[in-house]
Each structure stands twice: as structure tokens, then as C-alpha cells.
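Predicted, not measured: the structure shown is a model, and the values here were computed from it. Just so we're on the same page: letters track the sequence lines, and every chain starts at 1.
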Amino acid sequence: MGVFKGAMTVRRYRVEGEVPEDFRDRFLASLQDHAFRDPKNPAPGEEHVGWCLIQNLLDVDFSDRDKWLFNHFITAALRVDKRALPAKLFRAHLEKRIAAWLAENNRQRAPAAVKAEIKQLLEQEMMLKTLPRVATYEFCWNIVDGWLAFHATGGAPNDLFRKLFRQTFGLILTPSSPLDLLMDEPALVEGMEMAGISDYRPRGTEVRG
Amino acid sequence: MSKDAGKDNAPTHPHLTAEFFVWLWYAADRDGGNFNLDGLGVVDMWVEDRLSFRVPDEDKARAVLTGDDTASSAEARAALASGKIVRDLQLHLRHEEREYSVTLRGVHLDLAGLKFPAHSAEGEDGLLYERMFLYENAYAIVTGLYRMFARERTDLSWHSHTLPQIRAWVQQGEAAIPDAPDIDGIERSEAPAPRGPRPLTQRRPAAEAPSGPSAETNVTDANLDDTNAEGPDGAPDDAAAWAPTEADDAGEGEAEGEDELDELDELHDEDEDESAP
């Protein structure tokens, strides 16, 4: 579901700042720089983010502009990978490793430092075998009119997106406020900003349920 | 006056968005679903079969109503009368030959589950241009409706005329709906065009309106189950809580309710994706 197919669930942004004249080359380089890369040493719970093409989340080469620049629209997807170890399986392996250490060293208890080292090694070992949970969130940016539709409404993906967008393009995203819809009528905006809260409850029933 | 800038640094005035949702619901009844919008002309709009409510100062949904004729149900108005705030509003929009279904959500007026008319374009370029055109058209309709709301909301007649009428509508239903106020800048449609699922001629007279839970409406109380905890990014998982109703027990409306929940699941796809450990 997103830019090319399915129902759209989008938050709209205003893009603050000027798009440079050489944006074709500059944005290509920026997208390449911030494209998604598999982490070499993933840590449990750590998120890895970067851009990928909308067509396939494994495509992270932006050198072909025809895949992401459509006249005055720029499209791409934010890819977010997160690895997590299965807690019960990890604990079971950890107990086995500690038991093996105790047997090997003929000890009743393992020192904390030894436990920590065993745990760290096991984490690294298991993380390399664990597949990430992958999420992608598409966007479509109208560089002429200065708006952008990001295909997610949740707080976390929007925060990640705005941060990476700024790092990549050097431009700031501001979520559209409903009052933006009235920008061509300043008097209306002013009136709305001064409007208080209307209580719709019928008289005599003003008890919060 | 509530003015929430939050970390977005964009004032959102959440109370105005909530009022907009109620006004849309009310105005759809009052104006027969026909609106003459600046730059667009006549647009038909009606509330579809899903409404969700929250309580003041909370963002997560506390009650979700689904089923046939939800917008005119006694439960929906009872939720308003008890002080609950409309959180999501599912609308059907019709402009010229194009029809859209969309849920307006949250203080930013996010468009969720926006469904377009069938596409005619082929190829990536054509598809993108057509879908963006349709998105812009739907967004323009929402803009036009918000502008109409703003004009009524800032007019002097709001407190003397419109608000009392909305209160009466909340209490009595459609029977209480008067004519729209005469406001500069708002041009009313002359003759209501036939509209979606519930034509005006089929409205239920107030005297026959059910006073208790309607058999056609499914009520989901999001408080009934702790599993309705917020999603990983603060979005509620409405589908997690499902309260059986008389309709369910009778086997009526269950399938529709499940369809609605399936749809809701789709709307929260991003949120669920993001829950990846």
C-alpha cells in the first residue's frame, strides 16, 4: 500500500527551504549517501535506517533517476530494520553456556564478569543468524509545490523520516496543520486561532463520561 | 484554548480538529450531504460506517462504532453527549465522477485508508501522476470542507445559532436539524443530489429513532480489554478489543464488524510493521 498501489494512509508535510537548481545530481548523491546499508555488527534492539527504492526494498542504488524522479515528483522509501533475539531461546542458550563453563572450570558459581562475557559473545553469535524485522514507509515529494506525502501516520516512523530527510536533503519538514488549509485567508486563520472550545453536549448533560 | 505545538513545532489546535469532525457529521445531515466548495463546485459527502471516539486529554480510541448507519445511531450521539471526542471519521466523498473513501484521523488531519476510483493509467509514470492527482483532489475536498467549517466557526452566528443547533442535533438526531445559517462566503447547494447509502428520503423520523442500542451498530469499547494498549508509536490497536453486542449475539452485523476491523488492521499496517522487535 502506498505510492503506486493500494489505499493511502498519509501524513502531509510542508517542505521548508529551497530545492537547489542542480537537485538532480545533488539529490542523487545524497540518496546514495543515505541509502540503506546492512549493518556489519548489529546489536539487539538497534534500528538501522536508510533509503531504498519504492519498487523493491532490496534496491538501494539510486543511480538510475528514472526509478525515483518522476517529472516533479521524488519518491523513495524509508527502510527501518530492527533485530531482536528470541528472549526464551537466548536465555536457554545462555544457561547452557554458563553450565558448560562451570563444568569446565569445576566451579559452583560463575563470576559476574564471566557471565557478562558469555552473554556478549552469545548475543553476537546469535545476532548474525537472526533475520531483521523490516518495515518500509514510502514518500512522494512534489518539489514544485513544496509538499510531501509520507505514507505512515505513526509517531515513530514520522520522527525517523523527518530526521533522515533533513540529513539527506538539508530541508526541514513541517507537518501540515489544518490551519495551513486556510493560509490564503489570514483573517480566517486568525479567527480560528482565537476560537475557544465548543461544548457540543446538550444542556443539562455536561458531565464527562 | 488548547494549542498544541508539541515536538512538531507546528500548532495543531486539536480542539478545532475534533470540532471539525463533529461539524462534518452534523453538516452532512443538515446540508443533505451536498456542499458547494470554493474552486471545486458541488461535492457530496457523507459519514461512512465507522466512527471512533476518545476522551479528552487522551489520544487513543476509547470506543469504536461500526455497522450500518453508524452515524445516525443512538450510540454515536450518546458518545458525543457524554463528552467523548470524535477521533477518526470515515467519510465517503464524491466529486464529479470520482468517489473516495477516507478516514480523517488525528490533529494533523491525516488521511488514512484513502481509496481511489479505479485507475486508468498504465506504467509507473502514469500511475504515479494519476494517483497523485486523485490524492490532491481528495485533499482539496477536505481543504474545501475545512474552509467551510472555518467560516461557520468564526462567524458570529456560531454561538447564537450553529452551536445550539448542534446540541439539539446531538440530543434529538436529524429531526432537530434546521436550515444552515446564511454566512458570507458560503454558497449553499440548491437541490441536494442523490447520495450514498442513506438518502434523505429514507431518514428515520426522530420519533422512531431507537433510544437504546441499535441492532445494526456494533460498539467496541476500547476499555474492555487491556490488550488495547497503544501501539509501538502511540497508535491504538483498536482491533485488539472487541465487545460482542446484541447484534453479534443475534448473528447480525458480525461479518460487517469484522470487515471493518480488518480494514482497521490495514489502516494500522504501518504501526504494526513498526512493532518489529
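Contact annotation for B:L80: only backbone heavy atoms (N, CA, C, O) come within less than 4.5 Å of a heavy atom of chain A. In this structure, no portion of B:E130 lies under 4.5 Å from any heavy atom of chain A. Neither the backbone nor the side chain of A:D81 comes within less than 4.5 Å of any heavy atom in chain B. The parts of A:F70 that come within reach of chain B are both its backbone and its side chain, each placing non-hydrogen atoms under 4.5 angstrom from that chain. Neither the backbone nor the side chain of A:E190 comes within contact range of chain B, judged by heavy atoms closer than 4.5 Å. In this structure, the portions of A:V10 lying under 4.5 Å from any heavy atom of chain B include both its backbone and its side chain.
Salt-bridge formation is not detected for the pair B:E48/B:K115: no Lys NZ or Arg NE/NH1/NH2 atom is positioned less than 4.0 Å from an Asp or Glu carboxylate oxygen.
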Begin with the C-alpha distance, continue with both residues' side-chain angles, and end with the deciding distance and a verdict on side chain to side chain contact (heavy atoms under 4.5 Å, CB included) for A:M8 and B:L111. CA-CA 7 Å; A:M8 281 188 185; B:L111 305 187; over 6 Å; no

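A donor-acceptor pair shorter than 3.5 Å cannot be found between the side chains of B:R151 and B:Y146. Counting only N and O atoms by type, the side chains of B:R105 and A:T153 include a donor and acceptor under 3.5 Å apart.
Put simply, of A:V80, A:L182, A:V189, A:L181, the one with the most heavy-atom pairs under 4.5 Å next to chain B is A:L181. Counting heavy-atom pairs closer than 4.5 Å to chain A, the top-ranked of the candidates B:T154, B:D110, B:L128 is B:D110. Considering only heavy-atom pairs separated by less than 4.5 Å from chain B, the leading option among A:N158, A:N142, A:N71, A:D66 is A:N71. Heavy-atom pairs under 4.5 Å with chain A peak, among B:F20, B:W158, B:Y129, at B:Y129. When the candidates A:C140, A:P44, A:S198, A:A149 are compared by the number of heavy-atom contacts under 4.5 Å with chain B, A:S198 comes out ahead.
Here the side chain of B:H15 pairs a donor or acceptor atom with the backbone of A:A195 at under 3.5 angstrom. Side chain of A:Q32 to backbone of A:F62: a donor-acceptor contact under 3.5 angstrom is found.
A side chain to side chain donor-acceptor pair (under 3.5 Å) with A:E125 holds for exactly one of A:R97, A:H93, A:Q120; it is A:R97.
More than 12 heavy atoms of other residues, nucleotides or ligands lie within 6.0 Å of CG in A:D38, so this atom counts as buried by the packing criterion.
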